[in-house]
Amino acid sequence: MKYRDQFLPIISIFLVLLLAVVLRLYRLDLSPKGALIDEAHFGYLAKSLLLTGKDEHGVSWPLVFKGFGDQKLPGYAYLLIPFVAVFDLSVMTIRLPSVVVGSLSVVLIYILARQIGFRHWTAWIGALLMAVSPWPFFLSRIGFESNLALFFWILGLIGLVSVLKASTEKSARKKTQLQEWLLAIAAGVAFAATWYCYIAYRPVSVGVLVLVTAVSVIRQRQLLKKLAVVWLSFLIFVAPFFLPSVREANTARLEQVGLFSDSHDA
């Protein structure tokens with residue numbers, strides 16, 4: 001009975017992970033057919049960086065890639081490099097990183113649900129829904145940076161919830177203090193990583209940290225030290241985006257489309 005209780009959660013979540021991988025790999029190179037524009041650009045960037053260390057404009061290892069009418073963040077392009085090195089450049093290779101992080105996100109949803117306090121089978125259902133739902137399934141079959149950002153955002157939530165739980169447990173031992181600090185750093189780094197992947201996650205990540213900090217100021221001030229570490233690690237890792245050479249990329253999307261900046265071009 002104990003043996004079953006120990007291994008049943010592992011086996012059940014492995015089966016969901018296997019389902020997610022199979023669904024995302026099936027006919028990956030044919031559906032959608034052909035590389036989309038952004039996928040082709042990421043593939044070119046990864047191949048160019050692998051061979052020359054420069055992008056198409058001759059810039060060495062840039063933080064922001066200047067495209068044609070947009071500014072691409074570096075997360076997916078750099079993640080793609082080892083895949084191109086091993087499997088060479090193809091439509092399937094471009095999409096493989098998205099398959100990997102999309103499948104792992106299924107496991108992360110399970111871990112997040114367990115951290116929040118849900119029981120195994122409830123968390124398992126959440127992972128199953130993540131594996132088969134159209135939205136994450138679609139994102140995981142295309143080489144888009146938004147899927148990578150989602151992975152890091154869920155990872156940040158796991159770290160943040162873990163920090164909050166550990167800091168409020170009265171029975172926490174001294175030997176776990178280092179683990180709490182490391183969790184706080186990891187949470188900040190994970191939220192910062194979303195800034196390197198997809199711009200839409202920037203206000204979301206900051207908003208989550210602001211909300212949790214505000215609630216802590218009002219109700220649980222003992223959490224503020226750990227949250228300060230989360231904020232510090234977050235700010236350190238996003239600081240490069242405020243350098244003068246790349247600062248304009250932070251507002252490029254807002255200047256293209258917005259209440260007062262949309263040119264209404266077809």
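What's counted below: heavy atoms across the whole structure, side chains too, no hydrogens, waters or symmetry copies.
- L232 and V189 fall within the same hydrophobic cluster, where Ile, Leu, Val, Met, Phe, Trp and Tyr residues are linked whenever their side-chain heavy atoms come under 4.5 Å apart, directly or through other members.
- The shortest non-hydrogen separation linking A35 to V91 is N-CG2, 3.9 Å.
- Using the six-membered ring where Trp is involved, W195 and F234 have ring planes that are perpendicular, over 60° apart on the 30 and 60° scheme.
- Among all heavy-atom pairs drawn from A20 and V106, the shortest one is CB-CG2, 3.8 Å.
- Within the 4.5 Å cutoff, the side chain of P240 has heavy atoms near those of the Y196 side chain.
- Cation-pi geometry between K226 and W181 is met: under 6.0 angstrom from the ring centre, within 45 degrees of the axis.
- Remark: I94 CD1 to H41 NE2 distance equals 11.5 Å, nearest 0.5 Å.
- At a threshold of 4.5 Å between non-hydrogen side-chain atoms, the residues S105 and L112 do not count as touching.
- Side chain of T194 to main chain of A149: no donor-acceptor pair is present (N/O by atom type, distance under 3.5 Å, no hydrogens or angles).
- To the nearest 0.5 angstrom, F83 atom CZ is 6.5 Å from L96 atom CG.
- Tracing side-chain contacts under 4.5 Å through hydrophobic residues (I, L, V, M, F, W, Y), one reaches V107 starting from W121; they form part of the same cluster.
- Note on V230: it does not cluster hydrophobically with F237, by side-chain heavy-atom contacts below 4.5 Å among ILVMFWY residues.
- By the 4.5 Å heavy-atom criterion applied to side chains, D38 and K72 are counted as neighbours.
- For the side-chain contact (heavy atoms from CB on, under 4.5 Å) with L73, the qualifying choice from F65, Y78, F241 is F241, the only one to do so.
- With a 6.0 Å radius and a threshold of 12 heavy atoms from other residues, nucleotides or ligands, I37 has its CD1 atom at or below the threshold.
- Under the 3.5 Å distance criterion, the side-chain polar atoms of S205 are matched with a main-chain donor or acceptor of Y201.
- One finds no salt bridge joining D55 and K66 here, because no Lys/Arg side-chain nitrogen approaches an Asp/Glu carboxylate oxygen to under 4.0 Å.
- Put simply, the side chain of R114 never gets that close to the backbone of A123: no donor and acceptor are under 3.5 Å apart.
- Just one of S103, P136, S140 meets the side-chain contact (heavy atoms from CB on, under 4.5 Å) condition when paired with M130; it is P136.
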Query - Working for side chain to side chain contact (heavy atoms under 4.5 Å, CB included), residues V132 and F137 - result: CA-CA 6 Å; V132 301; F137 168 76; over 6 Å; no

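- Residues F42 and F144 are not in side-chain contact: their nearest non-hydrogen atoms beyond the backbone lie 4.5 Å or more apart.
- Closest non-hydrogen pair, L160 versus V212, comes out as CD2-CG2, 3.8 Å.
- Among E180, Q115, Q179, the single residue meeting the side chain to side chain donor-acceptor pair (under 3.5 Å) criterion with S162 is Q115.
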Requested in this report: Could you walk me through whether F7 and F14 pass the ring pair (Phe, Tyr, Trp, His ring centres under 6.0 Å) test, one step at a time?
Outcome: CA-CA 11 Å; F7 287 95; F14 173 77; over 10 Å; no

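- Of the possible donor and acceptor atoms, none in the side chain of S133 sits under 3.5 Å from a partner among the backbone N and O of W135.
- Linking Ile, Leu, Val, Met, Phe, Trp and Tyr whenever their side-chain heavy atoms come within less than 4.5 Å puts L243 and V238 in one cluster.
- Counting heavy atoms from C-beta on, the side chains of H120 and S12 come closer than 4.5 Å.
- From L155, atom CG reaches atom CG of L104 across 10.0 Å, with rounding to the nearest 0.5 Å.
- Taken from CG in L63 to CD in Q71, the straight-line distance is 11.0 Å, to the nearest 0.5 Å.
- The CG atom of L227 lies 13.0 Å from the CZ atom of R221; values are rounded to the nearest 0.5 Å.
- Within the 3.5 Å criterion, the main-chain N or O of I142 finds a donor-acceptor partner in the side chain of S98.
- Between F152 and F191 the shortest side-chain heavy-atom distance does not fall below 4.5 Å.
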Query raised in the report: Yes or no on ring pair (Phe, Tyr, Trp, His ring centres under 6.0 Å) for Y198 and Y76, after CA distance, side-chain angles and deciding distance?
Result: CA-CA 9 Å; Y198 197 59; Y76 200 86; over 10 Å; no

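- Screening L128, I13, V16 for a side-chain contact (heavy atoms from CB on, under 4.5 Å) involving Y110 leaves a single residue, I13.
- In this structure, CG in L23 is found 9.5 Å from CG in L18, a value given to the nearest 0.5 Å.
- Using a distance-only test at 3.5 Å, with no hydrogens or angles considered, no donor-acceptor pair links the side chain of S31 to the main chain of L28.
- Residues L224 and W231 fail the side-chain proximity criterion, which asks for heavy atoms closer than 4.5 Å.
- Residues C197 and A193 approach most closely at SG-O, 3.2 Å, considering heavy atoms.
- Within the 3.5 Å criterion, the main-chain N or O of V100 finds no donor-acceptor partner in the side chain of R24.
- The closest side-chain heavy-atom distance from F118 to I125 is not below 4.5 Å.
- Side-chain atoms of T93 come within 3.5 Å of backbone N or O of D88 as a donor-acceptor pair.
- Residues L50 and V86 fall within the same hydrophobic cluster, defined by Ile, Leu, Val, Met, Phe, Trp and Tyr side chains chained together at heavy-atom separations under 4.5 Å.
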